[in-house]
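Worksheet for the structure shown next.
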Amino acid sequence: MRSAVFSAFILVCISACAFAQTGIAPTPPMGWNSWDSFGRTITESEVRATAEVMAKELKRYGWQDVVIDEGWYIPNPKDDPKQYRFNLTEDGRFVPDPVRFPSSADGKGFKPLADYVHSLGLKLGIHILRGVPKQAADKNLPIAGSKLAAGDAADRQDLCPWNAYNYGAKDNEAGQAYYDSIFKLYASWDVDFVKVDCIADHPYKPAEIRMISEAIRKSGRPMVLSLSPGPTAIEHADEVAKYAQMWRTCDDFWDHWGKWQGHEWSQSLFDQFETAAKWAPHINTGRWPDSDMLPLGWLGPSPGAGEPRKSRFTQDEQRTMMTLWSVSRSPLMMGGNLLELDDWTRSLLTNAEVMGVDQRSQENRQALRDGDLVVWTARPVNGKGYYVAVFNIGDKELAVDRAWKDAGLPDGNYRVRDLWEKRNLGKTKKIEVKLRPHASVIWKAE
């Protein structure tokens, strides 16, 4: 126990030092997002309780972002979406519903909640939809801090195909002024992280990405910019990396290995292997391809897709997901309900050695894919040894017997440590392991 706590302490210290040297997201962000468990329904009391669990149990392992997903400005999120009402200021900006978020009343916004989250040593994030609220544009409300109006900023021909709250923002002075106004507001609330939706794909909106990035700069407050949904097109990799710290590489990811009947749009864990391999060359310090949230543990009481449930992933599949996300250096955003945290899920989120691969590795790549066998490798930041993740993506047990050179490592007799099991396996001259269907191991080889 003492060794695990010390490892976690070192992980956090290294991450903090890296932040000071390299900017706002020097390592992949780690946190929790409300969508997988609460959908649009989360309340302030649930956010505060979740933050308390994170601070008590997960913070020392690097988890720090508490992100409120879509709909925090909707008073009636359980109604038919056609009946939604919106809390909007007289200058056309969404603000939290004061019934669901009582501390936001009297114009305080999320500042009191952010203060509480910060007091726990954590960070607060919010979700927004790109563009201008329809109500603000249709009433031509003034844009705060300017002489322009929301009607001048809104592109009424540009609608998000799956969310009807907003018009798109024009690439003009008014559009920039509107984005400046909302990010100035978020800065006054001391928000640390903003997830912007309907912008990275279907449709891809590069002008709005640029305007949002400029608005964050003008706000004077560093905020992580996360772009959704995916799949972001690979040809846009350099452009999104210029403006954002993370961007989705896939459509919404849920707890299914293969196809999910009735939700064919959802990315499967099987398909994530190809997606992660494609994006591996674009992993870079401060710029993180994002494989989406981790649907672990209890997905309820009101998940963003499907019925309330325990994650349908097997334990082997859950480790495989965590291993792939870590060895590909994806941001780690827990989606399950931390208020219902079980021992198995806790063990996945508090393994400092596996988290260390996500936070402190380099040269991450898929080194081998041969039938049902996939091998990823990476190097520790100190350059000593290798991380080797071995996956069975097939439906039958797989006996792996391969030379180290097949995975791009020099031949040799390596000392191997199993990072999930936290035990040394001795020396071996090859990669030799039996894996159950959809199972994996991750080793450090020196």
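Please read all numbers here as calculations on a predicted model, not as lab measurements.
A donor-acceptor pair shorter than 3.5 Å cannot be found between the side chains of His127 and Asn33. In this structure, a donor-acceptor pair under 3.5 Å is absent between the side chains of Thr314 and Asp316. Between the side chains of Ser103 and Glu44, at least one donor-acceptor pair of N or O atoms lies under 3.5 Å. Side chain to side chain, Gln267 and Gln272 meet the donor-acceptor criterion of an N or O pair below 3.5 Å. Looking at Thr43 and Glu46, their side chains do bring a donor and an acceptor atom within 3.5 Å of each other. Counting only N and O atoms by type, the side chains of Trp344 and Gln318 include a donor and acceptor under 3.5 Å apart. Remark: the His438 side chain and the Asn392 side chain contain no N/O donor-acceptor pair separated by less than 3.5 Å.
Classified by interplanar angle (parallel below 30°, tilted 30° to 60°, perpendicular above 60°), the ring pair Phe273/Trp257 is tilted. Note: Phe183 and Tyr179 have tilted aromatic rings, judged against thresholds of 30 and 60 degrees for the angle between ring planes. Using the six-membered ring where Trp is involved, Tyr165 and Tyr73 have ring planes that are perpendicular, over 60° apart on the 30 and 60° scheme. In this structure, Trp189 and Trp72 have perpendicular ring planes: the angle between them is above 60°, well past the 30° mark.
In this structure a side-chain-to-backbone donor-acceptor pair under 3.5 Å is missing from Arg287 to Tyr243. Put simply, the side chain of Arg309 never gets that close to the backbone of Ser311: no donor and acceptor are under 3.5 Å apart. One N or O on the side chain of Asp418 and one on the backbone of Glu421 form a donor-acceptor pair closer than 3.5 Å. With hydrogens and angles disregarded, no donor-acceptor distance shorter than 3.5 Å links the side chain of Gln245 to the backbone of Trp288. The closest donor-acceptor contact from the side chain of Asn76 to the backbone of Gln83 lies under 3.5 Å. For Ser328 (side chain) and Ala277 (main-chain N/O), no donor-acceptor pair under 3.5 Å exists by modelled atom type. Not one N or O on the side chain of Thr249 forms a donor-acceptor pair closer than 3.5 Å with the backbone of Pro289. Formation of a donor-acceptor pair under 3.5 Å by the Asp292 side chain with backbone atoms of Phe253 is found in this model. No side-chain donor-acceptor contact under 3.5 Å links Asp69 to the backbone of Ser34.
In this structure, Glu274 does not pair ionically with Lys278, as no charged nitrogen and carboxylate oxygen lie closer than 4.0 Å. With salt bridges taken as basic N to acidic carboxylate O contacts below 4.0 Å, one links Glu214 and Arg217. Salt-bridge formation is detected for the pair Asp180/Lys218: a Lys NZ or Arg NE/NH1/NH2 atom is positioned less than 4.0 Å from an Asp or Glu carboxylate oxygen. A salt bridge is defined here as a Lys NZ or Arg NE, NH1 or NH2 lying under 4.0 Å from an Asp or Glu carboxylate O, and Arg221 with Asp190 meets this definition. The existence of a salt bridge linking Glu57 and Arg346 is confirmed by a sub-4.0 Å separation between a basic side-chain nitrogen and an acidic carboxylate oxygen. One finds no salt bridge joining Glu340 and Lys310 here, because no Lys/Arg side-chain nitrogen approaches an Asp/Glu carboxylate oxygen to under 4.0 Å.
Summarising the local packing, NZ of Lys134 is surrounded by more than 12 heavy atoms from other residues, nucleotides or ligands at distances under 6.0 Å. Summarising the local packing, CG of Asn382 is surrounded by more than 12 heavy atoms from other residues, nucleotides or ligands at distances under 6.0 Å. Few gaps surround CZ on Arg379; more than 12 heavy atoms of other groups in view lie less than 6.0 Å from it. Within a 6.0 Å sphere centred on CD of Glu307, other residues, nucleotides and ligands contribute 12 heavy atoms or fewer.
Ala187 approaches Ser219 most closely through the heavy-atom pair CB-CB, 3.8 Å. Asn87 approaches Asp97 most closely through the heavy-atom pair ND2-CA, 3.0 Å. Contact between Met30 and Met333 at its shortest, heavy atoms only, is C-CE, 4.4 Å. Across Gly385 and Pro380, no two heavy atoms sit closer than the pair O-CD, 3.3 Å. Across Arg329 and Ile283, no two heavy atoms sit closer than the pair CB-CG2, 4.0 Å. Closest approach of Val191 and Gly125 over heavy atoms only: CG1-CA, 4.5 Å.
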| request: Evaluate salt bridge (charged side-chain N to carboxylate O under 4.0 Å, His left out) for Asp158 paired with Arg130, printing each intermediate quantity in order. | output: CA-CA 11 Å; Asp158 179 15; Arg130 69 174 176 90; 2.9 Å; yes
| Checking side-chain contact (heavy atoms from CB on, under 4.5 Å) for the pair Lys384/Glu446: CA distance, chi angles, key distance, verdict? | CA-CA 7 Å; Lys384 184 178 180 182; Glu446 293 183 289; 3.3 Å; yes
| field | Residues Thr323, Trp420; criterion side chain to side chain donor-acceptor pair (under 3.5 Å); working and verdict | value | CA-CA 9 Å; Thr323 299; Trp420 279 118; 2.8 Å; yes
| Hey, mind stepping through Lys111 and Asp115 against salt bridge (charged side-chain N to carboxylate O under 4.0 Å, His left out) and telling me if it holds? | CA-CA 6 Å; Lys111 181 64 165 66; Asp115 287 346; 2.8 Å; yes
| Test salt bridge (charged side-chain N to carboxylate O under 4.0 Å, His left out) applied to Asp255 and Arg312, step by step | CA-CA 6 Å; Asp255 50 329; Arg312 293 172 300 195; 3.1 Å; yes
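The structure places CZ of Phe86 at 8.0 Å from CD of Gln135, a figure rounded to the nearest 0.5 Å. In this structure, the separation between NZ on Lys56 and CE on Met54 is 15.0 Å, given to the nearest 0.5 Å. A distance of 6.5 Å separates CE of Met293 from CG of Asp252, quoted to the nearest 0.5 Å. The line from CD of Glu70 to CD1 of Ile126 is 12.5 Å long, rounded to the nearest 0.5 Å. In this structure, CG on Asn337 lies 12.5 Å from CG on Leu296, to the nearest 0.5 angstrom. We find the CD1-OG distance between Ile143 and Ser181 to be 6.5 Å, quoted to the nearest 0.5 Å.
Counting heavy atoms from C-beta on, the side chains of Thr232 and Leu227 never come closer than 4.5 Å. Residues Glu208 and Val196 are not in side-chain contact: their nearest non-hydrogen atoms beyond the backbone lie 4.5 Å or more apart. At a threshold of 4.5 Å between non-hydrogen side-chain atoms, the residues Asp192 and Val224 do not count as touching. Taking the side chain as every heavy atom from C-beta outward, Met322 and Met355 approach each other to under 4.5 Å. Residues Leu122 and Lys59 form a side-chain contact, since some pair of their non-hydrogen atoms from C-beta on lies under 4.5 Å apart. For the pair Leu124 and Phe110, the minimum side-chain heavy-atom distance is below 4.5 Å.
When the options Val67, Ile212, Ile128 are evaluated for a side-chain contact (heavy atoms from CB on, under 4.5 Å) with Val194, the one that passes is Ile128. Tested against Glu353, the residues Arg423, Arg417, Lys444, Arg360 include a single salt bridge (Lys or Arg N to Asp or Glu O under 4.0 Å) partner, Arg417.
Aromatic pair Trp376/Tyr387: centroids not less than 6.0 angstrom apart. Ring centroid separation for the pair Phe313 and Trp254 does not come in under the 6.0 Å cut-off.
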